[in-house]
Amino acid sequence: MFGPTRVRKTAAVVTSAAAAAATVLLGAPSAAAAPQPIVGGTTTTTTTYPFVMQITDASQNQFCGGTLVSATKVVTAAHCMAGESTSSVRVVGGRTYLNGTNGTVSKVSKIWVNPDYTDATNGDDVAVLTLSTAMPYTKASYVSSADTSVYAAGATARILGWGTTSENGSSSNQLRTATVPIVADASCKSSYGSDFVQTDMVCAGYSTGGTDTCQGDSGGPLLIGGVLAGITSWGEGCAEAGYPGVYTRLTTFSNLVTAQITS
Ligand code: ARG
């Protein structure tokens with residue numbers, strides 16, 4: 001969903017201040033990362049990442065991403081399910097292109113939304129969908145609650161989705177992917193203040209911006225070492241210097257997710 005970008009308020013002012021600070025630190029504008037084609041990155045396929053699912057409306061129009069974690073269970077963001085019901089949502093697997101008609105389309109028999117969820121900026125942004133039709137695709141492993149060391153600052157994380165390729169741009173017809181470094185919690189706290197809930201969120205992105213998830217990527221995977229470790233949740237704009245993407249810190253919710261998968 002396109003909801004939980006952070007309320008802008010003074011953000012434009014904050015952002016230019018941050019950009020100015022970054023310029024001072026870097027010395028030269030030439031150090032700014034060129035936007036790689038998500039924002040930044042490259043095209044890929046659901047053959048390469050078979051567990052990446054489109055979450056769509058009943059007409060198969062994609063609005064979020066998700067990750068297949070068992071043949072009939074998909075992890076996504078709670079904010080993606082706002083206003084949705086089992087009859088309004090479909091999950092599409094094996095479809096690299098938004099305008100494709102291939103792959104497997106499943107109805108949803110159950111939507112579990114983390115009962116603590118209120119808003120992405122308050123954390124708890126996780127949901128699990130139960131599919132009516134089993135997906136014939138390789139599932140992703142996800143972190144266990146003990147795996148908290150995966151979020152070491154600087155670790156390489158992979159992001160995936162069909163979201164917009166610039167902050168106010170349009171969605172990508174083809175699945176895209178990029179890698180971004182995990183950001184230290186203290187640094188993310190400096191960016192986002194009290195909206196960064198350390199127990200529930202982890203940030204990823206370059207300090208110079210340029211590569212990030214964006215609108216429409218929500219609910220999709222953040223992988224570390226090929227394992228699902230985060231869920232695309234929110235951010236101030238997209239790919240802005242000083243404002244990394246914010247992802248659900250999945251280790252906090254592993255046990256809740258497992259309870260849904262075994263239910
Ligand atoms: N809330 C957005 C969505 O629903 C995801 C935004 C991610 N933003 C970012 N700067 N990483 O699709």
Side-chain angles (χ1 to χ4, degrees), residues 1-26 29 31-42 62-65 76-80 82 118-123 125 153 157-172 175-198 200-222 230-249:
M1 296 277 280
F2 292 16
T5 35
R6 185 162 170 262
V7 177
R8 289 202 68 93
K9 289 191 255 181
T10 58
V13 174
V14 172
T15 301
S16 29
T23 304
V24 168
L25 287 170
L26 292 167
Q36 309 162 28
I38 294 177
V39 184
T42 58
Q62 183 268 351
F63 61 88
C64 269
T76 188
H79 83 258
C80 287
T118 52
D119 180 278
T121 58
N122 294 327
D125 196 8
R158 178 169 297 282
I159 50 178
L160 288 141
W162 289 267
T164 62
T165 55
S166 64
E167 190 167 323
N168 294 299
S170 34
S171 288
S172 174
L175 179 63
R176 301 191 71 85
T177 188
T179 56
V180 280
I182 295 294
V183 169
D185 292 330
S187 173
C188 201
K189 185 102 194 154
S190 319
S191 297
Y192 288 118
S194 61
D195 282 346
F196 176 65
V197 180
Q198 196 172 316
D200 288 14
M201 303 173 188
V202 61
C203 297
Y206 295 98
S207 57
T208 49
T211 305
D212 197 5
T213 47
C214 203
Q215 313 318 323
D217 290 320
S218 277
L222 176 137
I231 303 165
T232 301
S233 184
W234 64 279
E236 170 56 48
C238 301
E240 291 188 12
Y243 290 95
V246 187
Y247 300 83
T248 304
R249 196 174 194 108

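Annotation: the span from L175 atom CG to L160 atom CG amounts to 5.5 Å, rounded to 0.5 Å. One finds the OG1 atom of T248 at 7.5 Å from the CE atom of M201 (value rounded to the nearest 0.5 Å). Put simply, CH2 on W234 and CZ on F196 are 8.5 Å apart, with the number rounded to the nearest 0.5 Å. Here the straight-line distance linking atom CD of Q215 with atom OG of S170 works out to 12.5 Å at 0.5 Å rounding.
Just one of T121, D119, D125 meets the side chain to side chain donor-acceptor pair (under 3.5 Å) condition when paired with H79; it is D125.
The side chain to side chain donor-acceptor pair (under 3.5 Å) test applied to T118 returns N122, not counting sequence neighbours. Partners of A184 according to the side-chain contact (heavy atoms from CB on, under 4.5 Å) rule, which considers only residues two or more places apart in sequence or in another chain, are A153, S187. In this structure, the side-chain contact (heavy atoms from CB on, under 4.5 Å) partners of D217, at least two apart in sequence or on a different chain, are I38, T213, C214, T232.
The nearest pair of heavy atoms linking E236 to E240 is O-CD, 3.9 Å. Between S191 and Y243 the shortest heavy-atom distance is O-CE2, 3.4 Å. Between S218 and C80, the shortest heavy-atom distance links the atoms O-SG, 3.6 Å. Here the closest heavy-atom approach between residue D212 and residue A239 is recorded as OD2-N, 2.8 Å. Of all the heavy atoms in G219 and T76, the pair that sits closest is CA-OG1, 3.4 Å. Here the shortest heavy-atom pairing between V180 and A204 reads CG2-CB, 3.8 Å.
Judged by distance alone, the side chain of Q198 and the main-chain N or O of C188 form no donor-acceptor pair under 3.5 Å. Checking side-chain atoms of T165 against main-chain N and O of V39 turns up no donor-acceptor pair under 3.5 Å. Looking only at distances, a side-chain donor or acceptor of Y192 sits under 3.5 Å from a matching main-chain atom of P244.
Note on residues 185-194: pairs passing salt bridge (charged side-chain N to carboxylate O under 4.0 Å, His left out), not counting sequence neighbours, are D185-R249.
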